[in-house]
Every structure is written in C-alpha cells, then in structure tokens.
Amino acid sequence: MEILRGFKDILPQDINKWQRLEKLARETLESFGYKEIRTPILEKTSLFARGVGETTDIVEKEMYTFLDKSGESVTLRPEGTAGTVRAFIDNHLENYPFKKYYYIGPMFRYERPQKGRLRQFHQIGIEVFGIDNPAVDAEVVLVDKIMLDRLNISDLRIEINNIGCPNCRPEYSKKLKEYFQTHREELCDDCKRRLDRNPLRILDCKNKTCSRIAKNAPKITEFVCDNCKAHYEKVKENLVALGIDFQENPHLVRGLDYYTKFVFEIITDKLGAQGTVSAGGRYDNLVEQLGGKPTSGIGFASGCERLIELMVYDEDQNIDYYFACLEDYTTCMKLAKGLADSLKRSVYVEYENRSLKSMMKKADKMNANYVVIYGENEKEKGIVIVKDMKRSNQEEIEIEKFLENEVARWQ
RNA sequence: GUGAGUAUAGCUCAGUUGGCAGAGCACCAGGUUGUGGCCCUGGGGGUCGUGGGUUCAAGUCCCACUACUCACCCCA
C-alpha cells in the first residue's frame with residue numbers, strides 16, 4: 001500500500017513545526033479579534049463553481065469532484081473562502097457581533113505535485129465581512145505580516161494591485177483584449193487561449209515575449225472607476241501609515257474570479273517557482289453572488305507547507321521523566337501518574353524489559369531531563385534514584401517523599 | 001496535461017568495460033557484577049521501483065509502465 005500521489009504524512013518527527021505554526025498563527029489572529037470557524041471539507045460542487053468561478057483552472061481541472069451515494073455532485077474544498085462565505089450566509093452570522101474569522105485546515109487540488117505544491121495542502125486564512133472601509137484592507141495585510149514575523153519568516157516582499165470591480169474591469173478587459181489582439185501571433189499558445197477567456201492573465205505570463213508585449217499594455221489604473229481608485233489610494237495611505245513596505249505591481253492578478261479592488265501577495269524567492277506564501281484581496285460581490293445579502297468581504301490565505309519550509313526556530317523536543325523500571329512496573333506507573341497528573345510533567349514509563357544501560361541510552365535519545373531508576377535494590381531500601389541527565393548527577397529519594405521532592409524541584 | 005532528471009538497506013548514497021550486494025548514519029547486542037553522550041567490536045536488515053527483453057551471466061545494456069523530484073502551467 002502506498003500513499004496517494006501528492007499526499008503527505010505529517011510525521012511525529014515534524015509535528016513540532018506544525019504545532020508551533022498553528023499556535024503562533026492562532027495567537028496572532030485571535031489577538032486581532034479574529035474567531036476561528038471550521039467548515040466542512042466536503043461541499044456541494046456548485047458552491048465552488050459559483051464562488052471560485054466556472055472558468056478558473058481550479059474549477060475546470062483541479063477539483064476532487066465525485067458523486068455521493070445520493071447522486072449529488074460533491075467536491076473536496078480547493079480553497080477556504082467559498083465555504084466560509086456559505087457558512088456566513090447559512091448561519092446568519094451578519095447578526096453575530098464578530099465579523100472577522102480565521103480557519104486552518106486541509107485543501108485539495110488535483111495538480112501535478114512539485115516544490116511547494118501538493119494535492120492535499122493546508123491553508124491558514126482569514127475573512128472579514130461587511131466592512132467597506134479601506135482601513136481594514138490595510139489591517140488584513142498587517143495581520144498577515146505580523147503572523148509571518150512571529151513565525152520568524154523574513155526576506156519577504158509584499159506586492160499589491162488594484163484590479164477594479166464589475167463596473168470598471170469589463171471595460172479594461174475589453175481594452176486589454178483589443179491591445180493583445182494586435183499582437184496575437186507573437187503570444188504563446190497559452191496566452192492565445194487566455195485572450196478569449198481571461199485576458200488579464202496574460203499580464204502574469206512568464207513567457208519572455210508575452211511579458212515584453214504586456215509591458216506596453218494599457219494599465220488598469222487608467223480604467224478603474226473613481227470608487228475603486230479612491231478605495232485603493234486609501235489602502236495605500238494606511239499601509240504607509242502602518243509602516244508596511246510594499247511594491248505596486250500592475251501585473252498582479254488573481255486566479256480566482258471573486259476578487260475585486262485591492263489584491264496583494266506576499267512572496268519569497270527561497271521556494272523556487274512557488275514563491276507566493278500568502279495572498280488575498282477584497283471580494284465585495286461574493287456574498288451576494290452566493291445568495292446572501294450584499295456584503296463586502298476581504299481576506300487572505302497562507303500556504304502552511306510553504307510557511308513551514310521557511311520557519312526558523314530551535315527545535316527542543318524532550319520529555320521530563322523517563323522511568324527506568326527494572327521489575328516493579330506498578331510502582332513506576334503510580335509514581336509517573338503523580339508527576340503527569342498533579343505536576344503536569346511529561347513522563348515516559350519504559351515497559352520493555354531492557355538492560356539499564358539500554359534504557360539510559362534510550363532516555364538520552366529522547367532527551368529526557370530526568371531518569372527515575374527503580375529496581376530491586378531501590379525497592380529493598382524503599383527509595384528511588386532520580387538522575388539529572390543534564391548535570392549528570394543523581395540522588396536517592398525515599399519513595400514516600402518522591403512527589404513532594406519533585407514538586408519542590410519545579411518551583 | 002507537457003518536458004527533463006532520478007529510482008540500490010529505515011535514511012543519505014557508492015557499485016568500474018555486464019561476473020558472489022556495499023559504506024556512512026540509524027537500529028540491536030557486547031566492551032565484568034545495575035547508569036546515557038565519545039570510542040571500539042559484533043549483529044539484524046535489500047524480491048537492486050514494477051514487468052518484459054538481450055546474454056552462459058543484468059543493480060549495470062534495451063523497451064514499457066509506475067512513482068518521486070524539479071520546471072512549464074496554475075496557485076497558497
């Protein structure tokens with residue numbers, strides 16, 4: 001039996017990184033008033049088709065979609081926003097005072113695996129509902145940035161852009177199409193296809209000829225409506241006020257249809273081709289599009305696997321007490337129980353019949369702070385030996401005073 | 001979906017012009033009687049990714065398949 005392609009076990013050896021990532025992310029997001037929301041991993045296919053966009057690559061060719069036993073088409077979530085919006089509408093969260101949410105969990109996309117790209121991957125994301133104020137756009141970037149700082153991830157750059165709204169983007173899209181149409185023959189095959197479907201994506205093409213042509217393409221800033229323009233300018237002002245460095249990238253576009261106005265990406269060049277660590281933006285029409293009352297929205301999503309590759313930290317895996325039992329396991333268990341239960345210390349009782357030497361070796365490998373030795377000699381004398389592995393010394397303690405003695409040690 | 005590279009022990013990898021399957025790390029056991037790290041000695045572990053083919057003989061050469069890695073694409 002082998003694991004599915006593009007899927008990965010997260011092993012005990014690596015779990016410290018994951019738990020640290022989740023802990024620091026939660027602390028950061030909760031300190032800014034975000035509440036966790038947990039939505040199902042499986043949703044109706046139509047949610048993503050309508051939310052993410054029928055013509056996006058995600059919906060067209062990357063979703064894990066199948067029929068359930070009732071014949072309903074269901075899909076493993078490829079991203080977190082659609083489900084969160086659905087939950088917001090379904091549960092009438094517009095009447096709940098907290099409108100800022102975060103999620104952590106697995107997402108699924110059927111893509112060819114490569115560095116920083118898996119078929120099951122994990123995202124940490126936030127969503128803010130019902131706040132039009134451009135100040136909150138800046139807050140979203142700030143929260144993302146602080147989270148990354150706390151994870152000790154550096155050398156990142158923030159790129160932003162204004163991609164307009166349904167009032168102004170179609171006009172820009174049309175102009176862009178006209179422009180690229182005149183260079184049609186020079187474009188790569190992918191871009192020829194994009195010309196009809198989503199000309200904005202040509203701006204993002206890495207093909208040399210395409211990007212050269214794109215350089216002289218009409219700029220979206222010349223077409224955005226006054227509303228979008230004013231919003232974007234305010235976001236920038238707030239970012240500057242918060243001391244967040246950013247670059248404007250007029251070629252930054254998003255692959256999901258729901259984005260409007262302000263979009264951003266946080267990028268590293270340490271991860272090869274998949275350098276986007278975090279990305280997000282505003283989606284002012286999505287709630288309405290999915291059947292809710294007109295409600296604005298903004299959020300971001302971060303790729304956990306990518307964050308983990310970039311996290312810098314000192315690993316410190318250990319246990320507090322290793323119990324080297326030479327015969328009387330019952331007594332060892334009772335002693336260990338006291339430590340774990342009342343003192344909240346991590347304990348490991350050795351149940352394998354090993355030599356003392358091999359137990360000492362194992363305790364060393366587990367990076368135990370203390371080894372409690374209890375064998376025939378100790379039993380006769382009514383004591384236990386507690387060895388301090390870091391200082392390499394040991395003491396004999398009367399068995400009745402053991403817990404008391406250890407309580408004192410940790411005070 | 002496309003391209004390139006890789007596939008030998010739990011891990012990282014050697015393996016000459018085809019001729020008995022190797023190292024380091026990890027694991028286990030010893031190095032006097034019940035004490036870790038360093039060192040020394042020994043041990044267990046491999047259908048050489050899978051299936052064909054060439055050959056007296058294939059880890060090695062040929063073909064197919066599969067998986068992994070990176071890149072395209074796409075995105076977090």
Side-chain angles (χ1 to χ4, degrees), chain A residues 2-8 11 13 52 56-63 77-81 103-126 144 148 188-191 193-194 198 201 204-207 210 252-256 259 263-268 271-281 299-310 322 324-327 352 354-380 385-394:
Chain A
E2 272 151 27
I3 194 165
L4 283 170
R5 180 167 209 194
F7 287 66
K8 279 260 183 314
L11 299 171
Q13 295 92 304
V52 176
T56 58
D57 277 35
I58 291 177
V59 172
E60 272 189 342
K61 48 192 192 193
E62 295 175 1
M63 295 205 301
R77 63 181 187 192
E79 56 95 53
T81 302
Y103 58 81
I104 301 180
M107 307 294 164
F108 303 83
R109 294 182 198 172
Y110 190 88
E111 295 183 273
R112 191 80 173 261
Q114 74 181 71
K115 192 176 181 66
R117 192 171 80 182
L118 293 167
R119 289 182 175 177
Q120 176 179 336
F121 60 105
H122 298 77
Q123 287 188 335
I124 294 173
I126 71 173
D144 198 349
L148 296 167
C188 70
D189 291 349
D190 286 320
C191 283
R193 191 169 46 81
R194 290 179 182 125
N198 192 352
R201 293 226 63 91
D204 205 23
C205 185
K206 282 162 199 121
N207 179 291
C210 297
L252 180 67
V253 290
R254 312 267 58 241
L256 289 73
Y259 286 109
V263 295
F264 74 101
E265 274 191 26
I266 302 185
I267 304 159
T268 177
L271 290 180
Q274 310 298 322
T276 301
V277 158
S278 224
F300 74 74
S302 258
C304 294
E305 283 79 3
R306 293 181 190 179
L307 296 178
I308 282 195
E309 277 212 49
L310 297 171
Y322 177 94
C325 310
L326 289 154
E327 55 170 58
E352 286 178 59
R354 288 161 161 256
S355 69
L356 184 57
K357 180 174 182 164
S358 95
M359 288 194 279
M360 294 304 292
K361 277 190 178 174
K362 188 164 167 184
D364 187 53
K365 289 201 183 91
M366 289 176 144
N367 201 9
N369 287 316
Y370 300 96
V371 172
V372 178
I373 301 168
Y374 188 69
E376 212 176 333
N377 301 346
E378 290 72 26
K379 191 169 190 174
E380 257 174 46
I385 292 174
V386 178
K387 175 157 183 172
D388 183 329
M389 296 295 275
K390 305 286 181 250
R391 291 185 194 149
S392 231
N393 56 23
Q394 64 183 46

If you check every side-chain atom of A:Ala273, which of B:U69, B:G36, B:A71 has the closest atom?
B:A71

Classify the side chain of A:Ser392 versus the base of B:G37 as yes if they form a donor-acceptor pair under 3.5 Å and no if they do not.
yes

Across the strands shown, which category fits A:Ile124 at heavy-atom distances under 4.0 angstrom: base, sugar-phosphate, nothing?
nothing

Taking the same atom, C1', in B:G59 and in B:U8, what whole-Å distance lies between them?
7 Å

Nearest 0.5 angstrom please: A:Ile124 CD1 to A:Leu307 CG, how far?
6.0 Å

Do A:Glu309 and A:Lys115 sit within salt-bridge range, that is, some charged N less than 4.0 Å from a carboxylate O?
yes

Indicate, with a heavy-atom threshold strictly under 4.0 Å, whether A:Gly272 touches base, sugar-phosphate, or nothing.
sugar-phosphate

Can you sort out the partners of A:Tyr110 under side chain to side chain contact (heavy atoms under 4.5 Å, CB included), two or more places apart, ordered by chain and number?
A:Tyr64, A:Arg119

Taking B:G51 as the reference, what is the distance to B:U69 when you measure between their C1' atoms (whole Å, please)?
23 Å

How is A:Glu376 classified with respect to the nucleic acid when contacts are heavy atoms under 4.0 Å: base, sugar-phosphate, or nothing?
base

For the residue pair A:Asn367 / A:Lys390, report whether a side-chain donor-acceptor contact shorter than 3.5 Å exists.
yes

d(A:Gln274 CD, A:Leu118 CG) to nearest 0.5 Å is 10.5 Å

Between the base of B:C73 and the side chain of A:Gln114, is there a donor-acceptor distance below 3.5 Å?
yes

If we take the P atom in both B:U35 and B:G31, what is their distance in whole Å?
9 Å

Is A:Arg109 salt-bridged to A:Glu79, cutoff N-O under 4.0 Å?
no

Considering only the P atoms, how many Å lie between B:G44 and B:A4, rounded to the nearest integer?
44 Å

Of B:A71, B:U35, B:G36, the nucleotide closest to the side chain of A:Lys115 is B:A71

Just to be sure I understand the rule, does A:Lys390 reach a base, reach only the sugar-phosphate, or reach nothing, if contact means heavy atoms closer than 4.0 Å?
nothing

By the 4.0 Å heavy-atom rule, please label A:Leu307 as base, sugar-phosphate, or nothing.
nothing

Could one point to a donor on the side chain of A:Arg306 or the base of B:C75 with an acceptor on the other under 3.5 Å away?
yes

Salt-bridge criterion met for A:Lys362 and A:Glu352 (N-O under 4.0 Å):
yes

From the list B:A76, B:U35, B:C73, which nucleotide is the closest neighbour of the side chain of A:Met360?
B:U35

Take atom P in B:U54 and the same atom in B:G1, then report the distance between them in whole Å.
33 Å

What contact category does A:Arg201 fall into here, base, sugar-phosphate, or nothing, at under 4.0 angstrom with non-hydrogen atoms?
sugar-phosphate

Side-chain donor/acceptor of A:Glu378 to base of B:G34, under 3.5 Å:
yes

I want to verify a distance call: between B:C27, B:C68, B:A76, whose nearest atom is closest to the A:Glu111 side chain?
B:A76

Using atom C1' in both nucleotides, what's the gap between B:A23 and B:G46 to the nearest angstrom?
14 Å

A:Gln394 side-chain proximity, nearest of B:G34, B:U35, B:G36:
B:U35

Which nucleotides of nucleotides 2-9 of chain B have their base under 4.0 Å from a protein heavy atom (B), which only their sugar-phosphate (S), and which neither (-), written as one string 5' to 3'?
BB------

Once you apply a heavy-atom cut-off of 4.0 Å, does A:Ala363 come out as touching a base, just sugar-phosphate, or nothing?
nothing

Hey, does A:Lys362 reach any base, or is it just sugar-phosphate, or nothing, if we go heavy atoms under 4.0 Å?
nothing

Considering only B:C70, B:G36, B:G1, which nucleotide approaches the side chain of A:Arg117 most closely?
B:G1

Just to be sure I understand the rule, does A:Leu118 reach a base, reach only the sugar-phosphate, or reach nothing, if contact means heavy atoms closer than 4.0 Å?
base

B:A21 to B:G37 separation - P atoms, rounded to the nearest Å:
36 Å

A:Gln274 or A:His122: which one's nearest nucleotide on RNA chain B is closer to the 5' end?
A:Gln274

Which dot-bracket string describes RNA chain B (Watson-Crick N1-N3 plus N6-O4 or O6-N4, or G-U N1-O2 and O6-N3, all under 3.5 Å; [ ] crossing; | other strand)?
(((((((..((((.....[..)))).(((((.......))))).....(((((..]....))))))))))))....

d(A:Ile267 CD1, A:Ser278 OG) to nearest 0.5 Å is 10.5 Å

Looking only at atom C1', what distance separates B:U33 and B:C27, rounded to whole Å?
27 Å

Relative to the 5' end of RNA chain B, which residue comes earlier, A:Tyr110 or A:Lys357, by the nucleotide with the nearest heavy atom?
A:Tyr110

Select base, sugar-phosphate, or nothing to describe what A:Gly275 touches, counting heavy atoms under 4.0 Å on all strands.
nothing

Please verify the inter-ring angle class for A:Phe300 with A:Phe264; under 30° counts as parallel, over 60° as perpendicular, anything in between as tilted.
perpendicular

